[in-house]
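The structure appears right after this line, and notes come after that.
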Amino acid sequence: MSQLLAPTLREDPKEAEVVSHKLLLRAGYIRKLAAGIYTYLPLGFKVLQKVSQVIREEMNRSGAQEVLMPALLPSELWQETGRWNVYGKELFRIQDRHERDFCLGPTHEEAITELVRRSINSYKQLPINLYQIQTKFRDEIRPRFGLMRGREFIMKDAYSFHTSKKDLDKEYKNMYETYCRIFERLGLKYRVVQADSGAIGGGYSQEFMVLADSGEEEIFYCEKCDYAASRESAGVGGEKIVEGIGKGGDEKGKDKVKEVNTPGQKTIEEVTAFLKESPEKMIKTLVYETENGPVIALVRGDHALNEAKLKKMLGVEDLKLAADKVIEGVTKAPVGFAGPVGLKGVKIVADTAIPLIEQGITGANKEDYHLTNVVYGRDYQAELLGDLRFALSSDACPKCGQAKYSVQRGIEVGHIFKLGTKYSEKMKCVYLDEGNKEKTMIMGCYGIGVGRTAQAAIEQNHDEDGIIWPMPLAPYQVAIIPVNVGIKEQLEAAEKIYQDGLQIGLDVLLDDRDFRVGVKLKDIDLIGIPIKIIVGKALKDGQVEIKLRKTGEINLVEIGKVGEWLRQNVCS
RNA sequence: CGGGGUGUAGCUUAGCUUGGUAGAGCGCCUGGUUUGGGACCAGGAGGCCGUAGGUUCAAAUCCUAUCACCCCGACCA
């Protein structure tokens with residue numbers, strides 16, 4: 001240890017905000033080179049290797065084959081799939097001396113598809129699952145929290161190729177189980193959630209979330225059944241799509257629409273305050289632009305529209321809130337007074353909560369006026385009805401109908417996708433089937449953030465003294481601490497135990513630094529080594545102390561039996 | 001990209017309002033005393049005060065620009 005580069009810090013570096021980041025820095029695991037770009041010091045690198053090793057073993061066990069692809073990728077491949085243009089600013093682009101375009105790979109669908117289409121042409125060679133553990137590059141809008149969101153980070157990515165949807169389903173399930181084994185072996189508390197597949201695209205996808213309060217995402221899950229989803233994709237249960245309403249029969253006893261003057265009152269807050277009404281009665285009218293023209297989306301005043309859901313409902317690629325000009329064009333009124341009543345020639349869609357508003361309030365499409373007593377079906381009608389809003393914890397589970405969601409934050413450490421033919425089609429990744437027919441391969445893709453997983457583990461396992469590594473992740477499982485290296489017997493005994501530990505095949509660290517014990521113990525605790533073997537006073541009785549980081553439990557063990565103790569307590 | 005904030009020694013920072021050429025704690029080096037949970041004494045090394053320009057007799061301090069980093073929002077493993 002006296003030679004190990006593990007520069008521990010007594011104070012928190014000010015660049016860090018979350019505990020896991022502070023601890024990685026303080027305990028000498030990583031050092032920052034630039035925003036979102038880190039050097040892994042010996043300890044940090046060792047932890048990465050531990051994570052990688054578990055991943056590797058489980059992936060291999062599941063039949064996947066390891067490869068290593070280039071990080072530097074030619075633009076041509078990305079042109080083929082169209083992602084050269086779609087990926088946007090997040091892609092690190094560079095040119096070589098001949099001014100040819102390249103990028104630093106943020107993910108490798110193109111590269112792997114290129115490989116497979118060139119080397120596989122028969123159904124007999126399928127299915128196949130190839131993976132790599134490699135550095136990825138993404139020019140993140142905002143790198144943060146150390147390894148949580150870097151611009152350069154290490155990821156395991158796997159890609160599978162199949163002849164049928166059914167075969168993909170089978171491999172997807174296989175990977176799902178593999179991931180469960182990986183995160184269980186790493187000793188992490190996690191949950192699997194339904195996810196939005198985002199830019200990588202394709203169909204079905206699930207995220208593996210490590211539970212932690214500092215997580216960037218909210219997980220909505222049901223305590224009754226196994227339903228869990230990200231905030232992005234959590235469904236809203238309990239509200240039936242109301243078909244019956246609106247064919248003219250249901251407005252008995254309801255007042256006529258009334259126009260009210262609301263000078264300058266534009267936002268939901270302003271209008272509700274002005275009219276002394278609650279936001280649940282408001283029909284929020286949002287104008288969006290899509291590649292198929294403008295669309296009006298309606299959600300309740302106290303709900304937030306989920307653009308991902310809207311996109312899916314409309315089946316469009318491009319979606320953004322309309323510019324003021326467009327809104328004025330559609331509603332013939334200044335921004336802030338839009339409403340669905342009387343609008344013609346524009347597609348209107350609504351959240352399922354909308355028809356349930358008995359007598360709503362909404363913009364009059366006329367400056368400084370709103371309408372009250374608006375009734376769905378009598379005064380306006382949506383072309384499509386569906387779940388369009390972000391779920392709230394008060395919403396019901398869409399799967400079993402349980403009345404309330406539970407919400408907890410989590411860190412996304414793994415993501416599995418059924419890609420389908422999104423890439424293979426564009427890149428003509430085909431094979432010949434039994435009938436000598438050319439078919440497009442069906443793909444799946446499976447990622448794990450390696451550094452992120454390590455950091456997430458710290459987030460879950462630490463105390464005020466530092467990190468408490470789960471055994472499989474610890475850079476060293478055991479630290480041997482001679483209390484005073486000046487005392488020959490202590491140092492020699494420690495060295496002997498060190499050698500024994502190595503022999504058993506453990507990662508052992510000998511703290512031979514000429515410091516006071518207090519300093520050494522503090523450092524080892526900060527670093528998070530699960531087991532300390534303290535060689536000190538008890539040596540004269542032929543004993544050493546074995547102390548557990550997690551519980552503080554101390555065992556006095558005879559020096560000759562240390563090897564046996566370790567075999568029993570660490571190796572198993 | 002928008003909003004907020006910070007740049008002074010390896011780390012944490014004082015000084016900036018009210019200009020006069022930099023101070024502390026920790027760490028590091030030397031010697032000594034210590035030695036079971038971040039010891040003590042003595043001595044020492046280390047900073048063109050983020051960078052560039054300007055104002056001034058004089059700038060860490062005032063002004064302008066620029067860069068870097070951190071935090072909050074829209075994106076993602």
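Chain letters run A, B, ... following the sequence lines, proteins first, then strands; residues in each count from 1. This one's a predicted model, so the numbers in the text were calculated from it and none came from an experiment.
Distances were taken from every side-chain heavy atom of Ile141(A) (C-beta onward) to each of rC1(B), rC76(B), rC70(B); the shortest belongs to rC1(B).
Here Glu66(A) pairs with Arg56(A) under the salt bridge (Lys or Arg N to Asp or Glu O under 4.0 Å) rule; sequence neighbours left out. With sequence neighbours excluded, no residue forms a ring pair (Phe, Tyr, Trp, His ring centres under 6.0 Å) with Tyr159(A). For Glu545(A), the side chain to side chain contact (heavy atoms under 4.5 Å, CB included) partners are Ile534(A), Ile554(A), Leu556(A), not counting sequence neighbours. Applying the ring pair (Phe, Tyr, Trp, His ring centres under 6.0 Å) criterion to Phe183(A), with sequence neighbours excluded, gives Tyr190(A), Phe208(A). Remark: Arg516(A) engages no residue in a salt bridge (Lys or Arg N to Asp or Glu O under 4.0 Å) (not counting sequence neighbours). Checked against side-chain hydrogen bond (donor to acceptor under 3.5 Å, both in side chains), Ser20(A) has the following partners two or more places apart in sequence or in another chain: Gln455(A), Glu459(A). In terms of the side-chain hydrogen bond (donor to acceptor under 3.5 Å, both in side chains) criterion, Lys520(A) has no residue partners (sequence neighbours excluded).
Listed by residue number, there are no residues of residues 472-482 of chain A with a heavy-atom contact under 4.0 Å to RNA chain B.
Residue Lys32(A) is classed as a sugar-phosphate contact, given heavy-atom separations below 4.0 Å to backbone atoms only.
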Taking only N/O atoms, report every protein-nucleotides 2-5 of chain B pair under 3.5 Å with atom names and distance.
none

Whenever both distances are under 3.5 Å in a Watson-Crick or G-U wobble pair, mark it; put RNA chain B into dot-bracket that way, with [ ] for crossing pairs and | when the partner is on another strand.
(((((((..((((......[..)))).((((((.....)))))).....(((((..]....))))))))))))....
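Within the 4.0 Å cut-off from OP1 or OP2 of rC72(B), at least one side-chain nitrogen or oxygen of Arg144(A) is found.
Between the base of rC26(B) and the side chain of Arg10(A) there is no donor-acceptor pair shorter than 3.5 Å.
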Using a 4.0 Å cut-off on protein heavy atoms (strictly under), produce a 5'-to-3' string for nucleotides 30-37 of chain B with B for base contact, S for backbone-only sugar-phosphate contact, and - for none.
----BBBB
Using distance only, find each side-chain donor-acceptor pair of residues 26-36 of chain A under 3.5 Å and give its atom names and separation, not counting sequence neighbours.
{"from": "Arg26(A)", "atom 1": "NE", "to": "Leu9(A)", "atom 2": "O", "distance (Å)": "3.0"}
{"from": "Tyr29(A)", "atom 1": "OH", "to": "Trp469(A)", "atom 2": "NE1", "distance (Å)": "2.7"}
{"from": "Tyr29(A)", "atom 1": "OH", "to": "Ile527(A)", "atom 2": "O", "distance (Å)": "2.6"}
{"from": "Arg31(A)", "atom 1": "NH2", "to": "Pro7(A)", "atom 2": "O", "distance (Å)": "3.4"}
{"from": "Arg31(A)", "atom 1": "NH2", "to": "Leu25(A)", "atom 2": "O", "distance (Å)": "2.4"}

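We find the CD1-CG distance between Ile112(A) and Leu130(A) to be 4.5 Å, quoted to the nearest 0.5 Å.
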